[in-house]
Amino acid sequence: MRMQDEGTSDRWLSHCVWIVALWASFFNLLNFNGYPLFRPEVAVTMLALALIGGVMALVQQAAKPRLWFLVVALFAATLVDLNASITAIWFLGFWAIFAVIAFCAREIFVKILFAAAAAVLLFQGAELAFNDGSHREVENEAQNLQDPDRDRADRPAIVHLVLDSYLGLDGMALGPEVYRDLRSEQVDFFTKHEFQVYPRAYSPHAKTLNSLPALFSYGQDEPVVHSIASEYSIPEQLPYFADLDAMGYRIDALLPAYFDLCVKQKLTRCRTFESSGLASMLDTELSATDRAKVFGFTMFNLTRTIRTATGRIRPDPTARLANNRSELFPLTSLGQFDRFVADLADLREGEVKFAHILLPHDPYMLAADCTVKPESDWLDEHGPGAVASREIGYADQVRCLQQRLDRLIEALDLTPAGREAIVLIHGDHGSRIAPTQPFIDGPQLSRRELLMSYSTFYAIRVPGESAGEVSGTHSLGRLMADFRAREFAAAPRPAPAPDQVAATDLAGTPREWRPLPSFTE
């Protein structure tokens with residue numbers, strides 16, 4: 001059959017297939033995130049996808065008769081990329097295979113594609129129709145289980161909270177004024193709650209996947225190169241958790257999936273969460289249009305090859321990068337923080353409650369009262385946008401975090417085990433408001449920019465020990481090593497040692513050790 005003799009039903013299929021396929025991909029995304037179907041933002045997104053699918057149909061129609069099979073194959077490969085995030089070589093391979101099939105069996109190809117998309121749309125839609133957006137409880141993912149029958153350690157409970165991108169107090173003291181004000185507020189808050197704070201604590205690493213293994217190894221492996229080519233990491237058994245287990249503690253961990261402690265650490269219970277969950281937008285002040293924008297950028301960022309190919313196209317150089325505009329790290333972490341606080345109600349002696357929470361990590365989207373700003377006001381750590389605006393956004397997010405920390409301390413003070421618990425709160429690296437991370441042969445950063453990349457918050461509450469500021473410049477690794485030397489029972493007071501920080505290559509792998517800049521001129 002020649003192209004111009006196409007029947008009415010075939011023409012209808014070729015016009016609708018892209019709309020149905022895009023809707024099916026969207027429903028798959030919603031289902032994965034536990035997002036309910038009957039919401040205005042879902043309707044807005046479906047309308048936008050229908051328009052995109054309509055444009056794809058028009059392009060396909062315009063490609064007839066000679067280029068039709070190439071265009072259809074390109075769109076089909078894009079759908080595979082959208083749902084499987086394939087590399088460029090796989091994308092080109094699928095495009096070639098689909099082009100051959102479309103050239104040789106045009107009618108069959110479109111019908112199979114439509115049938116597959118319609119089936120996904122039907123089944124995903126049916127499951128979504130029964131989803132009310134309620135929280136999905138994650139099962140215990142711990143694989144290297146602690147002995148459930150052994151006696152619990154006769155020791156005070158430990159509550160250990162790692163907060164991502166939490167700038168240290170003397171990093172804040174470097175200014176601007178909004179940071180100096182923030183430092184004063186932080187000192188008042190923590191000393192009021194009987195914490196000892198370490199203003200010049202620092203992380204030798206500016207990347208989480210380097211800093212966490214180093215601090216959980218007491219800094220012993222800081223000269224070792226950590227390859228972080230992958231966005232996910234499953235660390236080998238870390239000394240900190242092994243030592244807690246050896247002392248008889250039962251360990252309960254909650255953490256983002258990209259640094260997965262559940263596989264090889266000895267734990268009683270371990271749960272991970274996706275760092276950026278779409279369902280975290282539910283019950284917020286965000287408009288339906290803003291939520292639809294996040295849906296759209298999320299789908300775009302799932303297309304690995306298309307995203308890479310178009311990544312350099314920026315009509316507005318001052319606009320946020322597209323690959324950042326689907327991120328909801330702090331909003332997702334607010335919910336996980338509340339979940340962690342709720343778990344403290346059953347805290348008992350001899351237990352460790354550990355959490356890694358992505359606050360006050362960018363994007364800077366939370367007001368000081370933890371309400372969500374309009375999507376147009378969100379900012380990213382390295383820009384674009386004015387540095388002053390990003391610093392104000394970061395300060396707002398720290399103040400929101402402080403509200404949540406107040407809830408955590410209130411929850412602890414409600415139980416005997418909580419009142420006697422040792423509470424350890426620290427960051428993993430600095431605020432990273434600098435134009436870039438400290439790369440070897442990268443842009444030259446000022447002393448303040450370097451210090452704000454490494455300066456890291458550290459505070460501990462030990463019942464019976466006085467609150468206050470602890471002098472000295474100390475790496476996280478040395479602080480954790482001294483805490484271990486005191487059998488996790490007293491605040492660390494490590495001896496002075498050379499202070500070094502890592503500079504990385506462009507892949508984020510440490511390649512060179514340099515002296516930490518002085519906190520004073």
For a side chain to side chain contact (heavy atoms under 4.5 Å, CB included) check, start with the C-alpha distance between R269 and D343, then their side-chain angles and the critical distance, and finish with the verdict.
CA-CA 12 Å; R269 184 171 70 152; D343 285 345; 3.6 Å; yes

Apply side chain to side chain contact (heavy atoms under 4.5 Å, CB included) to the pair R432 and H361, showing each step before the final yes or no.
CA-CA 9 Å; R432 301 197 304 204; H361 197 290; 4.0 Å; yes

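In summary, D369 and R399 do not engage in a salt bridge, as defined by a charged side-chain N under 4.0 Å from a carboxylate O. Salt-bridge annotation for R320 and D362: absent, with no side-chain N of the basic residue lying under 4.0 Å from a carboxylate O of the acidic one. A salt bridge does not link D428 to K207: none of the charged nitrogens lies less than 4.0 Å from a carboxylate oxygen. Here D338 pairs with R404 in a salt bridge; the nearest charged N to carboxylate O distance falls below 4.0 Å.
Applying ring-ring contact (aromatic ring centres under 6.0 Å, His included) to F109 and the options F114, F98, F103 leaves one that passes, F98.
Judged by distance alone, the side chain of Q60 and the main-chain N or O of V72 form no donor-acceptor pair under 3.5 Å. In this structure, the side chain of Y454 does not engage the main chain of G171 through any donor-acceptor pair within 3.5 Å. Between the D81 side chain and the R304 main chain, a donor and an acceptor come within less than 3.5 Å of each other.
Residues Q186 and R183 have side chains that never bring a donor and an acceptor to within less than 3.5 angstrom of each other. Donor-acceptor pairing under 3.5 Å is recorded for the side chains of N83 and S25. If you check the side chains of T371 and E285, you find no donor sitting under 3.5 Å from an acceptor.
A heavy-atom distance below 4.5 Å is found between the side chains of L344 and L408. Between Y166 and H426, the closest side-chain pair of non-hydrogen atoms is not below 4.5 Å. Inter-residue side-chain proximity for P256 and H356 is flagged as met; some heavy-atom pair is nearer than 4.5 Å.
When the shell of 6.0 Å around CD of E177 is examined, it contains more than 12 heavy atoms from other residues, nucleotides or ligands. At most 12 heavy atoms of other shown residues, nucleotides or ligands fall within 6.0 angstrom of atom CD1 in I108.
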